[in-house]
Chemist: 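Before anything else, here's the structure in question.
Letters A, B, ... are given to chains in the order of the sequence lines, protein chains preceding strands, and every chain is numbered from 1. For clarity, every value in this text was computed on a predicted model and none was experimentally measured.
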There are 2 protein chains.
Amino acid sequence: MALNASRKPMLDGKECDTSGWNMDNCPVRDVIDRIAGKWSTLLLGALARQPYRFGELRRLVPDISQRMLTQTLRDLQRDGYIEREVFPTKPPSVEYRMTDLGRSLFEPLSKVLQWAEANHPSVKAARVKYDESELA
Amino acid sequence: MALNASRKPMLDGKECDTSGWNMDNCPVRDVIDRIAGKWSTLLLGALARQPYRFGELRRLVPDISQRMLTQTLRDLQRDGYIEREVFPTKPPSVEYRMTDLGRSLFEPLSKVLQWAEANHPSVKAARVKYDESELA
DNA sequence: TAGTGCTAGTCTCTTTTTGAGACCAACAAT
DNA sequence: ATTGTTGGTCTCAAAAAGAGACTAGCACTA
């Protein structure tokens, strides 16, 4: 197959698809960069099921540091995906729960998660194949 | 609203949903952690449209360093989402194109991207609201 | 024929991000 | 009196990412 020499921009009518992504005026990056963090989807997945308290989330995701848990929760809250409520119990307890916006996001996001679970074997196979061809 | 005191695990039948996410035996994290990178979705979005060469991608995403472009492309290739083909032209040129697995992933992923574009105003509004309540 | 530019990277250095773990105050239970 | 629990913050070390110089071989130009 030859290298496509006549490479035109190919703006195929769909302006809202991936056609306007050249620079940083792109709103998609602004949103995606936040939910693309290492822990964001994980916490969103947990809170999509039910509300959790800080310590519960920490126990649920054992390999997250308190620092990143605090920070990620704050970022998710700032973007409006989760809510934070403080209860005046003896040691004050804090509950995190998903907002409507968060649930609306998690709908398409969960599809990606389901894809990941379903296609994990294919990805692992691709890695093995790549690594074998590399060490040659 | 009171703090939900009787907090049972609430394994509601759906085992494949977000119920098995407690530890690192989770295959979802293994897949998601790779496509959750800062540049992964961006490059996937570009290559979903058409194949591109290294320099073209660099020009398309001006604020990525060559280092991260190389590395991200390699990671995406290793997981089987994209292919790399070298053409023996005078200065050798390299073309990157999406695989069937990559296209299969991009189907649900593009839904999240569409969500991001559609709900960008809501997210920006949530940020403003949060920042205002913080500086108080 | 010397100079310049193009290709797709790599190498090194600096800056940013993340992780590990100590520390906090108040109150409950032992 | 000590220990544990709450939801964090703070500091320091390690890892990751960004910036920019550098490479080789060939084409084009002056």
Side-chain angles (χ1 to χ4, degrees), chain A residues 2-5 7 23-24 29 32-43 46-47 51-79 82-97 130 133-134, chain B residues 2-5 7 23-24 29 32-43 46-47 51-79 82-97 130 133-134:
Chain A
L3 186 69
N4 184 1
R7 194 175 304 275
M23 38 223 119
D24 28 35
R29 288 182 62 178
I32 293 296
D33 280 359
R34 292 292 165 82
I35 63 180
K38 184 178 180 183
W39 307 108
S40 305
T41 51
L42 207 52
L43 295 175
L47 294 171
Y52 281 109
R53 282 167 42 192
F54 187 87
E56 290 179 310
L57 289 170
R58 190 158 52 87
R59 281 186 290 275
L60 208 60
V61 186
D63 55 341
I64 192 175
S65 62
Q66 287 197 344
R67 196 181 153 280
M68 284 314 291
L69 180 53
T70 302
Q71 195 172 109
T72 307
L73 287 172
R74 229 179 277 282
D75 288 346
L76 293 177
Q77 184 194 356
R78 192 172 102 98
D79 279 18
I82 64 176
E83 281 174 335
R84 177 180 185 271
E85 188 172 4
V86 183
F87 292 92
T89 50
K90 351 6 169 6
S93 58
V94 178
E95 192 177 87
Y96 292 91
R97 84 171 59 80
Y130 179 90
S133 69
E134 278 304 295
Chain B
L3 187 69
N4 184 0
R7 194 177 302 276
M23 37 223 118
D24 28 36
R29 287 183 62 178
I32 292 296
D33 280 359
R34 292 293 165 84
I35 63 180
K38 184 178 180 183
W39 307 108
S40 305
T41 49
L42 206 52
L43 295 176
L47 293 172
Y52 281 109
R53 281 166 44 192
F54 188 86
E56 290 178 311
L57 288 170
R58 189 159 53 87
R59 281 187 290 275
L60 209 59
V61 186
D63 55 341
I64 192 175
S65 63
Q66 287 196 345
R67 195 181 154 280
M68 285 314 292
L69 180 54
T70 301
Q71 196 173 109
T72 307
L73 287 172
R74 231 179 276 282
D75 288 346
L76 293 177
Q77 184 194 356
R78 192 172 103 97
D79 279 17
I82 64 176
E83 282 173 334
R84 178 180 183 269
E85 188 173 3
V86 182
F87 293 92
T89 50
K90 6 322 169 44
S93 59
V94 178
E95 190 176 88
Y96 292 91
R97 85 171 58 79
Y130 179 90
S133 69
E134 278 305 295

Chemist: What are the two closest non-hydrogen atoms of A/P91 and A/T89, and how far apart are they?
Modeler: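 Looks like O-OG1, 2.8 Å.
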Chemist: Restricting to non-hydrogen atoms, name the atom on A/G37 and the atom on B/A36 that form the minimum distance, rounded to 0.1 Å.
Modeler: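 For A/G37 versus B/A36, the nearest heavy atoms are O-CB, 4.3 Å.
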Chemist: Between atom CZ in A/R53 and atom P in D/dT5, what is the gap in whole Å?
Modeler: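 Spelled out: CZ on A/R53 to P on D/dT5 is 12 Å.
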Chemist: Taking for each residue the nucleotide of DNA chain C bearing the nearest heavy atom, is the 5' side occupied by B/F54 or by A/K38?
Modeler: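 In this pair, the answer is B/F54.
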Chemist: If you find the nucleotide of DNA chain D closest to B/Q71 and the one closest to A/Q66, which residue's nucleotide is nearer the 5' end?
Modeler: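 So the residue in question is A/Q66.
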Chemist: If I take atom CG in residue A/L57 and atom C1' in nucleotide D/dT6, what distance separates them, rounded to the nearest angstrom?
Modeler: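 To the nearest whole Å, that distance equals 14 Å.
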Chemist: Report each atom pair, protein N/O against N/O of nucleotides 23-28 of chain D, whose distance is under 3.5 angstrom.
Modeler:
none

Chemist: First and last nucleotide of DNA chain C in contact with chain A, 5' to 3', at under 4.0 Å to a heavy atom: what are they?
Modeler: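 Listing 5' to 3', DNA chain C meets chain A from C/dT18 to C/dA20.
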Chemist: Whole-Å distance between D/dG18 C1' and B/R58 CZ?
Modeler: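 Going from CZ in B/R58 over to C1' in D/dG18 covers 15 Å.
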Chemist: Which heavy atom of B/R53 sits nearest a heavy atom of B/E95, and at what distance?
Modeler: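 Scanning both residues, the minimum pair turns out to be CG-CA, 4.1 Å.
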Chemist: So which atom in B/V94 and which in B/R84 form the shortest heavy-atom distance, rounded to 0.1 Å?
Modeler: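 Residues B/V94 and B/R84, closest heavy atoms: CG1-CG, 3.6 Å.
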Chemist: Looking at B/W39 and B/V61, what are the two nearest heavy atoms and their distance?
Modeler: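 Smallest heavy-atom distance, with atoms named: CZ3-CG1, 3.8 Å.
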Chemist: Could you pick out which residue, B/R84 or A/W39, lies toward the 5' side of DNA chain C when each is mapped onto its nearest nucleotide?
Modeler: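 With B/R84 and A/W39 compared, the 5'-side residue is B/R84.
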Chemist: Identify, with sequence neighbours excluded, every residue that meets side-chain contact (heavy atoms from CB on, under 4.5 Å) alongside B/R78.
Modeler: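 B/R78: side-chain contact (heavy atoms from CB on, under 4.5 Å) contacts with A/R127, A/Y130, A/D131, B/R34.
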Chemist: Could you state the atom-to-atom distance from CG of B/D63 to P of D/dG18 in whole Å?
Modeler: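 Value for this atom pair: 9 Å.
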Chemist: Using whole Å, what does the distance between atom P of nucleotide D/dG8 and atom CG of A/L73 come to?
Modeler: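 Spelled out: CG on A/L73 to P on D/dG8 is 8 Å.
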Chemist: Could you pull out the closest heavy-atom pair between A/L57 and A/L47, with the gap in Å?
Modeler: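 Heavy atoms only, the tightest pair is CD2-CD2, 4.3 Å.
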Chemist: Could you state the interatomic distance from OG1 (B/T70) to CZ (B/R74), rounded to the nearest 0.5 Å?
Modeler: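 Here the rounded value is 6.0 Å.
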Chemist: Rounded to the nearest 0.5 Å, what separates atom NZ in A/K38 from atom CG in A/D63?
Modeler: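 It is 7.0 Å, given to the nearest 0.5 Å.
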Chemist: Rounded to the nearest Å, what distance is computed from the CE atom of residue A/M68 to the P atom of nucleotide D/dG8?
Modeler: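 Whole-Å distance recorded here is 15 Å.
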Chemist: From CZ of B/R67 over to P of D/dA19, roughly how many Å is that when rounded to an integer?
Modeler: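 Spelled out: CZ on B/R67 to P on D/dA19 is 11 Å.
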